[in-house]
Amino acid sequence: MPWTTTDYDPTDFANRRHIGPSPAEMADMLEVVGAKTLDALIDDTVPASIRQDTALDWPALSEAELLEHMRAIAAKNKPMVSMIGQGYFGTHTPPAIQRNVLENPAWYTAYTPYQPEIAQGRLEALLNFQTMVADLTGLPVANASLLDEATAAAEAMVMAQRASKSKSRVFFVDENCHPQTIAVVETRAEPLGIEVQVAASDSLEADAVFGALFQYPGTFGGLSDPSEQIAALHEHKAIAVVATDLLALTLLKEPGAMGADIAVGSAQRFGVPLGYGGPHAAFMSCRDALKRSLPGRIVGVSVDSHGQKAYRLSLQTREQHIRREKATSNVCTAQALLAVMASFYAVFYGPQGLRAIAERVHLRAARLATSLAAGGFAPQNETFFDTMTVEVGNKQSRIMAAAVARGINLRDVGADRIGISLDEVTTEAHLSAVCEAFGVALAPVTDLPAIPDDLLRSSDYLTHPIFHMNRAESEMMRYMRRLSDRDLALDRAMIPLGSCTMKLNAAVEMMPITWPEFGNLHPFAPADQAAGYAEMLEDLSAKLCEITGYDAMSLQPNSGAQGEYAGLLTIAAYHRANGEDRNICLIPVSAHGTNPASAQMAGMQVVVVKAQENGDIDLADFRAKAEAAGDKLAACMITYPSTHGVFEESVREVCDITHEFGGQVYLDGANLNAMVGLSKPGALGADVSHLNLHKTFCIPHGGGGPGMGPIGVKSHLAPHLPGHPETGGAAGPVSAAPYGSASILPISYAYIHLMGGEGITQATKVAILGANYIARRLEGDYGVLFKGKTGRVAHECILDTRPFAEAGVTVDDIAKRLMDNGFHAPTMSWPVAGTLMVEPTESETKAELDRFITAMQSIRAEIAEVESGKIAADDSPLHHAPHTMEDLVRDWDRPYSREQGCFPPGAFRVDKYWPPVNRVDNVAGDRNLICTCPPLEEYMDAAE
Ligand SMILES: *Cc1c(COP(=O)(O)O)cnc(C)c1O
């Protein structure tokens, strides 16, 4: 008998993977919010005046089809052995780190560790990173990563200007720095009125500059000791920055010992794949006296309420350096996941292992140099660590091609020179191949180094016991597991952080990024070896243009804030090209802190625009300030839907007013998860937006990075988008690599194709449904601030907790209590102090939303007990939250039960998440800043 088959297609669940609520659950949710259908809710929420009229239209692929498609693209990339160097080196990612960290959602789906009690694992890993950087550079304080080496150098320049007592506006840059570093520093300097002088280091006039950047080892390989220049700089109260290489520093005298004030560089070669340019963790370390102006996050050691050691982010309520118009930097998302990987690499190898790798690299380089010299190609640099530059006259292209024919890329240094860099993955066979390409014989093995004696390192490093663990993989695996178990990431519970869009990062989207065809490409590899990337980037740009209504995309900025900065530079260049001198930027008071910080970096003067009572932009104030700015108006920066989670109907008017006075509209696209498929920023009148691919487009947050913040622009701005020394373009670069953190772009690309145009639009609608569902269910228990005209919120909602202050319950208490319920807190006190901003995203099931609602209701009931005087605020579980196992086993003298303390509604019984520490003392940590690993005795504490 023939079968009657169901019409359920088991491969067609692509959309369901991303969309949490089932159709039946959605029906229930719609009933709660009082809408007949999903489309009716959307019509109610998103004003008709801003809706797009054509649907996004491209097909959805099944998981299997997507993987096949990604394989086909990957096959068009031809990764070769890279000996290009220039800041990017081959490295062997230990498989245990690849599998247990890079490919492990417990690590990659975590959020930035602002809530330290549920982030002790990654905070420890980042502290290890800081200790490693501080030790190797010989400077006492290091941060927990920056975006890339070139931007780190630019940050150091700005820090030097603030720290230096010199009146000069000149920053000296040694011509031995990487070309992309020089270019990014020049881009950053220009709008700030800093003059960059690029020259040989011995031509430095220390009395004429506020600071100088040296690179050691230099981009062409040579080693020169900048100690003399540094001493001269210090005599004139100027600051010395040294860009350096962590592997080289295992053998070389450290910058701290040369008197450097600041060291910067990239930790890429500590186990992080080349990835066609990123993501990689850059680092910065500095003298103790400069620590308060260090950009980026710094992990520090403090104590919890039982007096036990606990880690936290130091010196910042949120980000110390993003202080609106007083900002010194706009770094928000950094490179946490990659810093974690690099730190484990150092833990894996320890000082002996790292030194052994460095010695092998160096002696192989020495052997190659001898071989080349014997054949008439003596390197121009007599000293080196791993890199040599050879003059080859008119043979350059022939030798480069002969190397490529042998599967090796060399560096093209001008017309008649070739650069060769060795690294951890260089083998004898590679040396032979290079010798063949040059037509010389490979010399015998040598044990004679090419490092001058006075540049050899004499100090110890990585002496802390954490770098001396037993290196059995069992031990390493368990250490990584132990740390990730301390943390709460998306693999345990929803993370309803407003504005941060912590949605699913599907496994199928993540898989391609660790394929060698995406991971093992050098960013400056010849274009014909990266045809797969080119195809993918072109299609991704086209799709993002279609989604946003823009005409061109730059995929260079490697975070949202970098996108803002790049977008404003684009606007500035456009005005300049039109012969206009405009520098005022209007920004609503509710804007994300990075907005004014980026405007400041782009050399613009920030004018703050008021908000109305309901959170909307005050149009009258906006017009008045635009008028006052007149022909000085450069731009406005608005966020849409607004920071308050509402689709403001006045957005077109804001754009019109700005254009009327000759300004350009920057629309912060971080909230695009509420717009995709429904409304296009470009069609609303905006001229440029950044998109946070690590929010809307599924790149995982990584515990504070990586991210990508491409910018879309209208055609008139396209000629002014960021360029790059390697790929051309009129404007300067904002990132070290032409496509920023290229190797995570396959994630967004995969999401877009997995979902199809219809699926990606459905995701937006369900995100809006989820937020309205939570708002409706919690309304009454909590005030819901800011709604549109029809009483709807967009993709997030703001819960008011200020009324509880009178009873002595703070927003912090609620956030910490949520940990007991097994949740990460929503965004706290932003954009309004004393509130919680909840963004559920489309990926959470109704059951998970209900679990959160139950938790919030039970917290409200506990607050009521305090309000009614039944329990004192200081005795309540809210005050003691989060509860730990330590609480459970200590004497219990509290007026509520252990059961209530540790297992409030929402908490799982069997799968209970236990915060590893009690509430962390922020003040103690800042008063006594410890930002390298504390001594071993403290590791014996309960946290272990
Ligand atoms: C997240 C966010 C940013 C900054 O993005 P990063 O990638 O962290 O630099 C800017 N604006 C808004 C509204 C955001 O939510």
Side-chain angles (χ1 to χ4, degrees), residues 111-114 144-148 151 155 278-279 295-297 313 316 318-319 321-322 324 327 329-337 495-503 555-568 587-601 615 637-646 648 666-675 681 686 688-711 734-735 740-741 744 748 767 794-796 798 826-828 830-832 837-839 841:
Y111 182 64
T112 307
Y114 294 130
S145 79
L146 288 173
L147 291 162
D148 59 36
T151 53
E155 293 284 344
R297 304 180 177 120
L313 294 180
Q316 41 210 321
R318 214 180 147 96
E319 310 286 354
H321 48 279
I322 309 178
R324 295 194 62 94
S329 157
N330 67 347
V331 178
C332 180
T333 287
Q335 302 282 16
L337 185 68
I495 301 184
L497 280 162
S499 206
C500 300
T501 315
M502 298 293 288
K503 64 201 268 179
L555 296 173
Q556 194 178 103
N558 46 16
S559 76
Q562 290 301 98
E564 294 168 16
Y565 165 63
L568 292 173
I587 303 183
V589 58
S590 61
H592 194 267
T594 52
N595 288 190
S598 301
Q600 148 82 23
M601 280 167 55
M637 283 185 102
I638 55 172
T639 303
Y640 205 76
S642 74
T643 317
H644 303 87
V646 176
E648 285 173 72
Y666 188 101
L667 188 148
D668 183 325
N671 289 345
L672 207 73
N673 209 44
M675 293 179 78
V688 47
S689 293
H690 75 266
L691 321 180
N692 276 21
L693 300 189
H694 47 302
K695 294 178 180 172
T696 314
F697 294 93
C698 298
I699 291 175
H701 219 88
M708 274 296 281
I711 53 173
V734 297
S735 299
S741 299
I744 50 177
S748 299
H795 64 311
E796 54 198 12
I798 299 182
T827 298
M828 269 170 51
W830 189 78
V832 182
M837 182 158 63
V838 184
E839 179 181 0
T841 84

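These numbers come from a predicted model, not from an experiment. Whatever order the structure lists them in is the order used to number ligands and atoms, beginning at 1.
Remark: the K695 side chain and the N673 side chain contain no N/O donor-acceptor pair separated by less than 3.5 Å.
Among protein heavy atoms, the minimum distance from atom 10 (C) of ligand 1 is reached at E564 OE2, 3.1 Å. Ranking protein heavy atoms by distance to atom 8 (O) of ligand 1, first place goes to T333 OG1, 2.6 Å. Protein heavy atom closest to atom 1 (C) of ligand 1, with residue, atom name and distance, is K695 NZ, 1.4 Å. The nearest heavy-atom contact from the protein to atom 9 (O) of ligand 1 is A561 N, 2.8 Å. The closest protein non-hydrogen atom to atom 4 (C) of ligand 1 is H592 CE1, 3.8 Å. Closest protein heavy atom to atom 13 (C) of ligand 1: D668 OD2, 3.4 Å. Of the protein's non-hydrogen atoms, the one nearest atom 5 (O) of ligand 1 is N692 ND2, 3.1 Å.
The aromatic rings of H592 and W830 sit perpendicular to each other, their planes meeting at more than 60°, with 30° as the lower class boundary.
Taking any N or O of C332, backbone or side chain, none lies under 3.5 Å from an N or O belonging to ligand 1. The shortest N or O to N or O distance between H694 and ligand 1 is below 3.5 Å. By the 3.5 Å distance cut-off applied to N or O atoms, T639 is not counted among the residues near ligand 1.
With E839 contributing its side chain and S499 its backbone, the two residues share a donor-acceptor pair below 3.5 Å. Using a distance-only test at 3.5 Å, with no hydrogens or angles considered, no donor-acceptor pair links the side chain of Y114 to the main chain of L313.
Side chains of I744 and P706 form a contact here, defined as non-hydrogen atoms less than 4.5 Å apart. N671 is listed as a side-chain neighbour of E796, based on a closest heavy-atom distance under 4.5 Å. Counting only heavy atoms from C-beta outward, the side chains of Y666 and H690 approach each other to under 4.5 Å. Looking at M708 and S748, their side chains never come closer than 4.5 Å, going by heavy atoms from C-beta outward.
Contact annotation: for A670 versus ligand 1, heavy atoms closer than 4.0 Å belong to the side chain alone. Of all the heavy atoms of Q562, none lies under 4.0 Å from any atom of ligand 1, so neither backbone nor side chain is involved.
Against a heavy-atom cut-off of under 4.0 Å, S559 is close to the following atoms of ligand 1: 7 (O), 9 (O).
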Item checked: Evaluation steps, side chain to side chain donor-acceptor pair (under 3.5 Å), between E564 and S598 -> CA-CA 6 Å; E564 294 168 16; S598 301; 2.8 Å; yes
